Amino acid sequence: MFEWFGRVSFVPHTKVSDFAKHLKDGSIMASTCGSCGFTTFPPRADCPQCRSGEFSYTEISGEGTILTYTKIEAAPAGFEDECPFTIGVVELAMGEGRSGRLLGWFGETIAEDEIEMDMPVQVVPRMFEELEEIKVYYSLEKPGTTWVKSNSTK
Ligand SMILES: [Zn+2]
């Protein structure tokens, strides 16, 4: 899962490639099956419930709770400058029949000694803007944290 920290190159021709564009513009998208309505995050072009290949994007709030977390003291290659840092797995609050989890970095609004299991967080998509390619990562912030969204995509 470490590639979700943003050092991944999104393949531009997959069916869910717009997911990266939406994230770049500040919107977190789940996929909703066009056949059975199952909503899941990360988006899946092919429904895990009924195997339908029809889907549309549904924007999710990014609210969730901490399922587990860990402090990284020995950085993997490419992250030496960031170390130490704390990451967490978020159980996204998406409502009945919906599911999703993601891995993110704890952001500046949450002090290290405040981090605990089941704490509510707001997931905020962020970009490594100094890099040429789209490099997205998720920042875990206090509930109510807002961020600027671009309206350049539909
Ligand atoms: Zn389905």
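Every number for a ligand or one of its atoms is a count from 1 in the order of the listing. Worth saying up front: this structure is predicted, and the values here are computed from it rather than measured.
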Original post:
In total, how many protein N/O/S atoms does one find closer than 2.8 Å to the Zn ion (ligand 1)?
Top reply: 4
Original post:
Any chance the side chains of S139 and E141 put a donor and an acceptor closer than 3.5 Å?
Top reply: yes
Original post:
Are any side-chain N or O atoms of T109 and backbone N or O atoms of K142, one a donor and one an acceptor, separated by less than 3.5 Å?
Top reply: yes
Original post:
By side chain to side chain contact (heavy atoms under 4.5 Å, CB included), which residues pair with P43, not counting sequence neighbours?
Top reply: V16, F19, S31, F41, Y57
Subject >> Result of checking L67, L103, V121, T68 against V90 for side-chain contact (heavy atoms from CB on, under 4.5 Å) >> reply: V121
Original post:
Side chain of E63, backbone of G144: donor and acceptor closer than 3.5 Å?
Top reply: no
Subject >> Distance-only polar pair, side chains of T32 and S56, donor-acceptor under 3.5 Å >> reply: no
